[in-house]
Structures are given as structure tokens and as C-alpha cells.
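For reference, the structure is listed below as C-alpha cells.
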Amino acid sequence: MRDKGSPGEREFGALEAGEELAMLAEMRGVVDAHGALLSVNDRADIALLAGADVLHLGQGDLRPEQARRIVGDDVIVGVSTHDPDQAHAAIADDAVDYFCVGPCWPTPTKPGRAAPGLGLVREVAGVSKPWFAIGGIDSARLPEVRDAGARRAVVVRAITAADDPAAAAAQLRAGLA
Ligand SMILES: Cc1ncc(COP(=O)(O)OP(=O)(O)O)c(N)n1
Ligand SMILES: Cc1nc(C(=O)O)sc1CCOP(=O)(O)O
């Protein structure tokens with residue numbers, strides 16, 4: 001769950017911790033019904049209390065080893081990276097289970113974030129720790145992302161802004177298969 005910059009956040013302000021926990025409790029039921037994973041953004045304390053499967057950390061959040069002290073060993077911990085040094089630090093860090101590289105293209109979902117582009121995807125292509133390309137990706141761009149070496153991708157608008165989100169997700173999945 002990630003509320004940053006959402007229409008709800010713009011209208012009502014950032015979620016308080018208690019509100020976030022209440023929403024995560026509802027989402028737990030939904031993800032379980034679909035055999036999916038519940039992922040919490042940024043906050044190790046909330047991930048622990050929500051019984052999340054995944055905690056995703058940015059470069060300005062708790063460091064992975066600090067977050068591990070809160071969530072323990074069973075939660076999957078991922079990290080956003082935006083340059084080669086950050087990516088190689090995530091690869092070498094035993095507290096990190098997966099990492100993301102991006103933005104592949106500048107994206108309004110992350111305003112102001114400089115895009116390292118597909119060069120960073122090529123930098124980590126072939127690394128065995130699981131990793132995802134992120135930022136500005138849609139079905140049309142997926143072949144380029146794959147050609148650069150990615151086999152997994154994270155998208156926001158390509159699904160949330162699609163007329164038919166389920167069809168968009170299916171098309172993206174097919175493009176990564
Ligand atoms: C898989 C995945 N990637 C990125 C995010 C996080 O988004 P955000 O918190 O806006 O960005 P960073 O601070 O991590 O760069 C996520 N939740 N999941
Ligand atoms: C949440 C996020 N993190 C990024 C990073 O580079 O770490 S890019 C990004 C936004 C991705 O949204 P869209 O698919 O709409 O471009």
C-alpha cells in the first residue's frame with residue numbers, strides 16, 4: 001500500500017498511522033482472497049503491526065538492517081535504488097531481499113526524481129538477487145525494458161490510470177513472460 005501523491009492524499013491529507021493500519025486490515029482480506037502479498041511502503045512499525053508480507057524502503061527511510069530489527073527475518077524487505085552505488089549496496093546487503101532500479105523514464109508519479117534510465121537496468125542485468133525495473137513503464141515500453149535485461153517491472157499509472165486495469169495488468173504480465 002502506497003498513498004503518496006494519491007487523489008485521496010491530495011483531498012484528505014496523509015493517512016495517520018491508525019488509518020493506515022485500518023486500511024491494511026481490509027487489504028489483508030483482499031490479498032489473501034487472491035493469493036497475493038501485502039506490501040507496506042516505508043514504515044517498518046506499520047508493516048509489523050499489519051502482519052505485512054513485504055516492507056518496501058526508500059533511500060531516506062530506515063536502513064534495511066534497522067528495519068529488520070523491527071520486522072524480523074520473515075518479512076520480505078525491498079529497497080528503491082537510483083544509481084549504481086545504491087544498487088550495488090542493495091545487492092551486497094544481506095538484510096535486502098529484492099531491489100528496484102529507476103526511474104527508467106521521468107514519471108509524474110515521482111515528480112522531480114532524476115531518471116537514471118535504462119543504463120541502470122543494464123548495470124544490474126544478470127544479478128541473481130531479485131530486482132525490478134520501475135518508473136515510466138507501460139506495455140509499449142516493456143520490450144525496451146526487457147531488452148535492457150529486466151524480467152520484472154513495477155508500474156503505477158500503467159494499471160491505475162488504465163480504462164481497464166485488469167486487462168492492462170494481464171497485458172503487462174504477458175509482456176514479461
Ligand atoms: C516495489 C516498490 N517500489 C517502490 C515503492 C515505493 O515508492 P516510494 O516510497 O514513493 O519511493 P521511494 O521512496 O521508495 O523511492 C514501493 N512501495 N514498492
Ligand atoms: C514509486 C516510484 N519509485 C520510483 C523509483 O524510481 O524508485 S519511480 C516510481 C513511480 C512509478 O510510477 P509509474 O509507473 O506511474 O511511472
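Note that ligands are numbered from 1 as they come in the structure, with each ligand's atoms numbered from 1 the same way. Keep in mind that this is a model prediction, so the values were computed, not measured.
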Exercise for review: Could you please provide the protein residues found below 4.0 Å of ligand 2 on a heavy-atom basis, arranged by chain and number?
Suggested key: R2, S80, H82, G102, P103, T107, T109, K110, R113, I134, G135, G136, V155, V156, R157

Check your understanding: Does the side chain of L62 reach to within under 4.5 Å of the side chain of I70, using non-hydrogen atoms?
Key -> yes

In a table with atom names and distances, give each donor-acceptor pair under 3.5 Å that connects a side chain of residues 82-90 to protein atoms at least two apart or in another chain.
unit_1	atom_1	unit_2	atom_2	d
H82	ND1	G102	O	3.0
H82	NE2	R113	NH1	3.4
D83	OD1	D85	N	3.1
D83	OD1	Q86	N	2.8
Q86	OE1	H82	N	2.7
H88	NE2	E123	OE2	2.7

Point to revise | Linked, directly or transitively: V40 and I76 (ILVMFWY side chains, under 4.5 Å) | key: no

Review point. Counting both backbone and side chain atoms, is some N or O of Y98 under 3.5 Å from an N or O of ligand 1?
Key: no

**Study point:** Residue H82 vicinity, atoms of ligand 1 by number, heavy atom under 4.0 Å
**Key:** 15 (O)

Exercise for review: Ignoring angles and geometry beyond distance, decide whether Q59 reaches within less than 3.5 Å of ligand 1 through its nitrogen or oxygen atoms.
Suggested key: no

Practice item. Please report the shortest heavy-atom distance between R141 and G136, naming the atom on each side. Key: NH1-O, 2.8 Å

Review point. Short list, please: which atoms of ligand 1 are under 4.0 Å from a heavy atom of I134?
Key: 3 (N), 4 (C)

Exercise for review: Look at D42 together with K4 and state whether they make a salt bridge at an N to O cut-off of under 4.0 Å.
Suggested key: yes

Revision key, fill the gap. In ligand 1, the atoms that come under 4.0 Å of a heavy atom of R2 are 7 (O), 8 (P), 10 (O)

Check: residues 46-59 side-chain donor-acceptor pairs under 3.5 Å, at least two apart:
unit_1	atom_1	unit_2	atom_2	d
D53	OD2	R28	NH1	3.4
D53	OD2	R28	NH2	2.9
D53	OD2	L38	N	2.7
H56	ND1	Y98	OH	2.7
H56	NE2	S80	OG	2.7
Q59	NE2	S80	O	2.7

**Study point:** Distance-only N or O hit between ligand 1 and D61, under 3.5 Å
**Key:** no

Check your understanding: How is the hydrophobic cluster of L142 composed, in terms of its other members, when Ile, Leu, Val, Met, Phe, Trp and Tyr link through side-chain heavy atoms under 4.5 Å apart, directly or indirectly?
Key -> I91, F99, V101, W105, L118, L120, V121, V124, V127, W131, I137, V145, V155, I159, L172, L176

Exercise for review: Would you mind reporting whether R68 and D93 have side-chain heavy atoms less than 4.5 Å apart?
Suggested key: no

Revision key, fill the gap. Atoms of ligand 1 under 4.0 Å from any heavy atom of C100, numbered from 1 in the order shown, are 1 (C), 3 (N)

**Study point:** Validation row: R157, T107 side chains within 4.5 angstrom (heavy atoms)
**Key:** yes

